[in-house]
Amino acid sequence: MTLRALCVPGPTGAGKTAAAIALARAVGGGVVNFDSRQVFADFPVITAQPTAEERAACPHLLYGFLPTAESLSAGAYADLARQAVEETAARGMVPILVGGTGFYLRALLAPLAPIPPTPAAIRAAVQARWEEQGTALHEALARLDPTAAARIHPHDQQRVTRALEVLEATGRTLSDWHREGAVGPGWEVLKLGVALPAAALRERLAARITVMLAAGAVAEARAALVQCPDRTAPGWSGIGCAELGAHLAGEMDLDAACDLWLRNTRAYAKRQMTWFRRDASIRWFEPGQEGAMIQAARGFLSGNMPG
RNA sequence: GCCGGGGUAGCUCAGUUGGUAGAGCAGGGGACUGAAAAUCCCCGUGUCGGGAGUUCAACUCUCUCCCCCGGCA
């Protein structure tokens, strides 16, 4: 029988956690995270991970397990998440994917090309070339892999260097790898998104920072700085983490850090919506509409409704 | 009151020797195949504080008034 899962995508601060818990209670579910920041162990408050009380409602997987110094690639995430989903289903529970990282969700459901991890040494070498040559690297890529180069903007450091890394590490071009279709997990997934109008979301985001500060966000960042003083480490790039880190390093006062934190959060929420809007399979709800979400979920799980 | 420094895009500011203005941030839209809360792309007419004068032409020079910020009284 095909595995059926629920998915709750949406921008940061829209109320996904509450909706997911309501769904989990109603259908006997277990939550699996697909948020690239809530995986970090040192930032439970700043990344708005579910609280202990919330987690007590049902199993929660893939939250708060990664050290600040480590990164989790989309591919590595997908492997972990696939296991987590299958494990949840094996326990007789409905997997409920919850999060805001569209790329992670795609990596899990639509899988990535099966490219092996690129060695750190090659990656470092390509980065060094970018530092020296910058945009000219795109010209090199255009000669080696014109298809990939055509799709990547010359200024896009991450994608230009990634394409070159893959070529050097595997001897095959990125576009060649992409031609090779990957096999998806074959699950049936019902996507019930949580979002709200921009003006309303803004208010929530501002209020949420106040709540996070009251919940010890600054102390959390201070403790994280002891654990991992290198603020260029992956975990420190989270919104709120970076700004509070800068504040603790004496680069700005707390008010300035919080202003920046809020602005960056808003911009991020906008980018998330750009990603999710494209996904026509998402049915959207506003916070507080848990009843309707549960109804839709029950219909889907009873098998009478196509995903 | 006097002496400086200012008043230009929602905010912070650039504007060479006069040719009616442009960056960053914010805001809006978009992309996204292992860094993704990342990375990147597109979108800028605004009484250039008000008024007058000089000039073919003034954000730019002159006068005057108003308002900020320092310092001296």
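The shown structure was predicted, so the numbers you read here are calculated from the model rather than taken from an experiment. What you see below is based on every heavy atom in this structure, not just the backbone, and it leaves out hydrogens, waters and symmetry mates. Sequence lines set the chain letters: A, B, ... in the order given, protein chains first and strands last, and positions in each chain run from 1.
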* **Minimum side-chain heavy-atom gap A/L196-A/P287 below 4.5 Å** => yes
* Asked: Which residue pairs pass the side chain to side chain donor-acceptor pair (under 3.5 Å) test with at least one member in residues 222-231 of chain A, sequence neighbours excluded?
  -> A/D230-A/T232, A/R231-A/E251
* Asked: Is A/H138 reaching over with its side chain to a backbone N or O of A/A149, donor-acceptor style, under 3.5 angstrom?
  -> yes
* **Interatomic distance, A/L164 CG vs B/A35 P [rounded to whole Å]** => 14 Å
* Quick one: list whatever passes salt bridge (charged side-chain N to carboxylate O under 4.0 Å, His left out) with A/R208, sequence neighbours left out. => none
* **Distance-only side-chain donor-acceptor flag, A/W236 / A/T68, under 3.5 Å** => no
* **Pairwise P distance for B/G6 and B/C61, with rounding to whole Å** => 11 Å
* What string of B, S and - do you get for nucleotides 28-33 of chain B 5' to 3' if you count protein non-hydrogen atoms under 4.0 Å? -> BBBSBB
* Determine the contact category for A/T265: base if any of its heavy atoms lies under 4.0 Å from a base atom, sugar-phosphate if only primed atoms, P, OP1 or OP2 are that close, otherwise nothing. => nothing
* Any chance you could lay out the salt bridge (charged side-chain N to carboxylate O under 4.0 Å, His left out) test for A/D176 and A/R179, step after step, and finish with the verdict? => CA-CA 5 Å; A/D176 187 44; A/R179 241 170 263 129; 3.2 Å; yes
* To do: Please state the C1' separation for the pair B/C25 and B/C65 - nearest whole angstrom.
  => 34 Å
* Asked: With rounding to whole Å, what would you report as the distance between B/C69 and B/C13 at their C1' atoms?
  -> 16 Å
* Not counting sequence neighbours, which residues clear ring pair (Phe, Tyr, Trp, His ring centres under 6.0 Å) with A/W261? List them please. => none
* Asked: Between CD of A/Q49 and OG1 of A/T47, what distance do you get to the nearest 0.5 Å?
  -> 3.5 Å
* Would you please name every residue forming a ring pair (Phe, Tyr, Trp, His ring centres under 6.0 Å) with A/Y77, sequence neighbours left out? => A/Y104
Identify the pairs formed between an N or O of the protein and an N or O of nucleotides 41-44 of chain B at a distance under 3.5 Å, and give each distance.
unit_1 : atom_1 : unit_2 : atom_2 : d
B/C41  : OP1    : A/H155 : ND1    : 2.7

* Asked: In whole Å, what separates the P atom of B/U8 from that of B/G49?
  -> 6 Å
* Determine the Euclidean distance between corresponding C1' atoms of B/C3 and B/G46; express it in Å to zero decimal places. => 33 Å
* Could you tell me whether the side chain of A/E243 and the main chain of A/C258 form a donor-acceptor pair under 3.5 Å? => no
* Under 3.5 Å, is there a donor-acceptor pair between the side chain of A/K16 and the main chain of A/G10? -> yes
* Asked: Of the residues in residues 63-75 of chain A, which ones touch RNA chain B at a heavy-atom distance under 4.0 Å?
  -> A/L72, A/S73, A/A74, A/G75
* To do: Name every residue in residues 203-221 of chain A that has at least one heavy atom under 4.0 Å from any atom of RNA chain B, in order of residue number, or write none if there are no such residues.
  => none
* Asked: How far does the P atom of B/C63 sit from the matching atom of B/C2, given to the nearest Å?
  -> 15 Å
* **Atom C1', compared across B/G7 and B/C42: separation rounded to whole Å** => 33 Å
* Once you round it to whole Å, what is the distance between P of B/G27 and CG of A/D259? -> 12 Å
* Return the stems involving RNA chain B, sorted by first number, where pairs are Watson-Crick (N1-N3 with N6-O4 or O6-N4) or G-U wobble (N1-O2 and O6-N3), both under 3.5 Å, and runs are 3 or more long. => B:1-7 with B:66-72, B:10-13 with B:22-25, B:27-31 with B:39-43, B:49-53 with B:61-65
* **Exercise: do A/E139 and A/Q133 side chains pair donor with acceptor under 3.5 Å** => no
* Asked: So what does A/Y104 hit on the nucleic acid, given a heavy-atom distance under 4.0 Å: a base, only sugar-phosphate, or nothing?
  -> sugar-phosphate
* By side-chain contact (heavy atoms from CB on, under 4.5 Å), which residues pair with A/L66, not counting sequence neighbours? -> A/V39, A/F40, A/E70, A/L72
* Spatial distance of atom CZ (A/R37) from atom CZ (A/F43) [nearest 0.5 Å] -> 9.5 Å
* To do: Would you give the length of the straight line joining atom CG of A/L192 to atom CD1 of A/I294, rounded to the nearest 0.5 angstrom?
  => 10.5 Å
* Nucleotide B/G27, atom P - distance to CG of A/L201 in whole Å -> 12 Å
* Indicate syn or anti for B/G34, taking the glycosidic torsion and treating anything within 90° of 0 as syn. => syn
* Euclidean distance, atom OH of residue A/Y268 to atom P of B/A38 [Å, nearest integer] -> 8 Å
* Interatomic distance at C1', B/U16 relative to B/A26, whole Å -> 29 Å
* Asked: Atom CD of A/E131 to atom C1' of B/U39: distance rounded to whole Å?
  -> 14 Å
* Can you tell me how far C1' of B/G10 sits from CZ of A/R263, to the nearest Å? -> 12 Å
* Take A/A76 and A/Q157, find for each the nucleotide of RNA chain B with the closest heavy atom, and name the residue whose nucleotide sits nearer the 5' end. => A/A76
* Qualifying residues under ring pair (Phe, Tyr, Trp, His ring centres under 6.0 Å), relative to A/F276, sequence neighbours excluded -> none
* **Non-neighbouring partners of A/D145 that pass salt bridge (charged side-chain N to carboxylate O under 4.0 Å, His left out), sequence neighbours left out** => none
* Take atom CD1 of A/I122 and atom C1' of B/G34, then tell me their distance rounded to the nearest Å. => 15 Å
* Structure fact -> A/N264 CG to B/A36 P, in whole Å, measures 16 Å
* Asked: Are any non-hydrogen side-chain atoms of A/Q289 and A/E286 less than 4.5 angstrom apart?
  -> yes
